[in-house]
Amino acid sequence: MGVYRYAQRSAGRFGKLSEITGLAEAQPVIFPQTPGSLDWLLGPALQELPQSEDAFQLAVFAPEQASGLPVMVFLPGGGFVSGAGTVRWYDAQHFAQAQNCVVVVVNYRVGLLAHRQSVGGGNLPVEELLLALQWVQRNIAQFGGNPQETTLAGQSAGAFWAFVLAQLDEARGLFQRLYLGSLSYQPPMSQAMADERNEVIASALDGTSLEQASTEQLLAAGGALAKAWAGRGLGLYPSADDAVPADLFDASQAAARLHVPEVLVSYTADEANAFIGMAPEQAFSVDAVRGFTAGNFAQPQGVFEALAAEAPEATAKQLMARAMTLHQIQLYAVEFADQAVAQGASVQLLGFELSSPLPKAGSAHCFELPFLFGNRQAWHDAPMLDGITEETFSAAAAQLGGALGAFIRTGRAASDSGESLPLHAPGVQSLTALTESGLVQREIDRRFAAKRQVLA
């Protein structure tokens with residue numbers, strides 16, 4: 001692995017970045033952040049590296065004697081407030097070797113540092129991710145990569161930014177394929193929503209500007225936001241601006257703006273377990289589940305009855321997790337896939353259904369990542385992997401990593417035997433899912449429509 005700087009600040013905390021044209025090696029650091037809310041699943045790896053407001057870095061992994069190989073640029077997640085590409089979780093040397101490609105994993109700003117001067121003032125990660133992609137175009141051939149055969153990949157918040165870039169004209173030609181892992185329906189903030197956040201921030205900072213506040217003060221203000229929005233959603237996430245359209249998640253508009261012809265979308269079976277798994281059972285009620293379905297589904301009674309019938313012994317908390325997973329991630333993946341195919345794109349959907357032995361986890365958000373990269377040792381202290389046998393891990397990693405590797409090389413995800421997974425089509429009734437026993441076909445439940453509130 002090599003770690004390189006791809007940009008640097010030229011003026012102030014939020015000033016315009018300047019590109020770094022050559023290879024500037026660096027010791028790995030991450031952008032300032034507090035411990036992540038998913039550490040109960042993932043472990044403490046993010047706390048190992050030094051933090052810096054100048055962590056504009058990317059890590060490059062390549063097979064020995066690589067030449068002219070396809071490239072994957074991977075954007076990690078972290079709920080817009082944590083995460084980094086230089087952390088050991090994303091050690092992609094095994095993946096690069098096994099899938100015969102070059103991998104680049106990118107750091108980008110998180111938390112309040114990702115917002116120019118104020119929430120609603122503009123999303124800074126777009127600028128830096130464009131610079132990172134341009135760095136790849138200039139330099140990746142030196143590592144044996146072909147810049148004209150680049151897949152942009154992202155997971156969770158990284159998938160959000162990959163989704164933005166795949167619709168952004170400025171990014172056209174910087175990558176040719178798109179992988180979206182656990183993309184969550186998260187329309188950008190309106191100005192009114194941003195103003196609410198700015199009131200909390202102003203109080204937390206006692207009038208000090210984001211430009212003048214210390215790093216510690218910014219992190220504390222971010223904590224105040226998280227506390228203020230606990231139980232109501234994310235306290236901090238991107239706002240609408242020139243690069244992030246208000247209708248980013250309008251599936252038909254997103255598909256019309258899409259500038260790549262080949263797309264792979266994946267999700268886990270129990271995404272929302274990651275977010276509410278540690279919450280007490282008594283925090284949820286059947287009435288709360290009914291309220292969520294009423295607010296988010298066109299046929300709430302039908303959805304509630306179907307979820308209850310699927311799992312008659314499920315608690316209210318378990319029903320809420322299933323409803324959240326369905327609305328936020330799984331149904332949106334199908335909605336976008338339908339529209340993208342209608343616009344002429346080639347799309348494949350892939351579910352991940354292996355379950356963690358960790359209580360309350362199941363097939364939670366992020367559980368697929370160690371299998372995707374095939375780097376179990378890098379996750380040695382991740383509680384979600386405790387109890388997974390080496391045989392199970394190796395078999396699932398070969399299938400999941402192989403599916404993504406095939407997509408990077410050919411534009412078609414495939415099984416480890418080389419058979420291409422089915423292409424999606426509007427109205428199709430099935431998708432491919434990876435279970436402990438291998439790849440299977442699963443029915444897409446098209447009975448229920450989600451309510452989508454897209455900003456105008």
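Residues satisfying the salt bridge (Lys or Arg N to Asp or Glu O under 4.0 Å) criterion with Glu390, sequence neighbours excluded, are Arg376. Taking Arg116 as the reference, Glu127 meet the salt bridge (Lys or Arg N to Asp or Glu O under 4.0 Å) condition, with sequence neighbours excluded. The ring pair (Phe, Tyr, Trp, His ring centres under 6.0 Å) search around His94 returns none, not counting sequence neighbours. Applying the ring pair (Phe, Tyr, Trp, His ring centres under 6.0 Å) rule to Phe297 yields the partners His327; only residues at least two apart in sequence or on another chain are considered. By the salt bridge (Lys or Arg N to Asp or Glu O under 4.0 Å) test, Asp169 is found to be paired with Arg172, residues two or more places apart in sequence or in another chain being considered. Every ring pair (Phe, Tyr, Trp, His ring centres under 6.0 Å) that Phe336 has, sequence neighbours left out, goes to Phe163. Shown here are the ring pair (Phe, Tyr, Trp, His ring centres under 6.0 Å) partners of Trp379, two or more places apart in sequence or in another chain: Trp89.
The two residues Gly374 and Ala397 make their nearest non-hydrogen contact at CA-CB, 4.1 Å. Between Leu431 and Tyr267, the shortest heavy-atom distance links the atoms CD2-OH, 3.0 Å. Here the shortest heavy-atom pairing between Ala114 and Pro125 reads O-CD, 3.4 Å. Smallest separation of non-hydrogen atoms from Gln253 and Asp247: CG-OD2, 3.5 Å. Summarising the geometry of Ala361 relative to Leu41, their closest heavy-atom pair is CB-CD2, 3.7 Å, with the distance given to 0.1 Å. Closest non-hydrogen pair, Leu258 versus Ala340, comes out as CD2-CB, 4.3 Å.
The number of heavy-atom neighbours closer than 6.0 Å to NZ of Lys227, taken from other residues, nucleotides and ligands shown, is 12 or below. No more than 12 heavy atoms of other residues, nucleotides or ligands sit less than 6.0 Å from atom CD of Glu436.
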**Asked** After noting the C-alpha distance and the side-chain angles of Glu25 and Arg5, does the key distance pass the salt bridge (Lys or Arg N to Asp or Glu O under 4.0 Å) rule?
**Response** CA-CA 6 Å; Glu25 291 194 68; Arg5 297 168 61 218; over 6 Å; no

**Asked** Taking it one step at a time, do Phe373 and Phe61 satisfy ring pair (Phe, Tyr, Trp, His ring centres under 6.0 Å)?
**Response** CA-CA 12 Å; Phe373 286 96; Phe61 305 85; 8.4 Å; no

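Residues Ser266 and Tyr179 bring a donor and an acceptor atom of their side chains to less than 3.5 Å of each other. Side chains of Ser363 and Glu353: no donor on one and acceptor on the other come within 3.5 Å. A donor-acceptor contact closer than 3.5 angstrom links the side chains of Asn123 and Asp241. His115 and Ser239 share no donor-acceptor pair across their side chains, judged by distance under 3.5 Å alone.
For the pair Arg452 and Phe249, the cation-pi criterion (under 6.0 Å, within 45° of the ring axis) is not fulfilled.
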Ignoring hydrogens and angles, write down the donor-acceptor pairs under 3.5 Å from the side chains of residues 27-37, residues two or more places apart or on other chains.
| residue | atom | partner | partner atom | Å |
| --- | --- | --- | --- | --- |
| Gln33 | OE1 | Gly83 | N | 2.8 |
| Gln33 | NE2 | Phe31 | O | 2.9 |
| Gln33 | NE2 | Gly83 | O | 3.2 |

May I have the list of side-chain donor-acceptor pairs in residues 144-151 shorter than 3.5 Å, sequence neighbours left out?
| residue | atom | partner | partner atom | Å |
| --- | --- | --- | --- | --- |
| Asn146 | OD1 | Gln148 | N | 2.9 |
| Gln148 | NE2 | Gln137 | OE1 | 3.4 |
| Thr150 | OG1 | Pro147 | O | 3.0 |

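Of the inter-residue distances, the one linking Arg257 atom CZ with Ser252 atom OG reads 8.5 Å to the nearest 0.5 angstrom. Here the CD atom belonging to Gln99 is positioned 7.0 Å from the CD1 atom belonging to Ile408, to the nearest 0.5 angstrom. Here the straight-line distance linking atom CZ of Phe352 with atom CZ of Phe367 works out to 5.5 Å at 0.5 Å rounding. Distance CG/Asp386 to OG/Ser356: 8.0 Å, rounded to 0.5 Å. Here the CG-CD1 distance, from Leu131 to Ile20, works out to 9.5 Å after rounding to the nearest 0.5 Å. Atoms OH and CG, on Tyr6 and Asn107 in that order, are 6.5 Å from each other to the nearest 0.5 Å.
Sorted by first and then second residue, the salt bridge (charged side-chain N to carboxylate O under 4.0 Å, His left out) pairs involving residues 98-110 (not counting sequence neighbours) are Arg109-Glu128. Listed by first then second residue, pairs satisfying salt bridge (charged side-chain N to carboxylate O under 4.0 Å, His left out) with a partner in residues 37-58 read Arg9-Glu53, Arg9-Asp54, Arg13-Glu53, Glu48-Arg88, not counting sequence neighbours. Residues in residues 188-241 take part in no ring pair (Phe, Tyr, Trp, His ring centres under 6.0 Å) pair, two or more places apart or across chains.
The aromatic rings of Phe175 and His259 sit tilted relative to each other, their planes meeting at an angle between 30° and 60°.
Paired with Phe74 under the rule ring-ring contact (aromatic ring centres under 6.0 Å, His included), one option of Phe95, Tyr90, Trp161, Tyr108 passes, and it is Tyr90.
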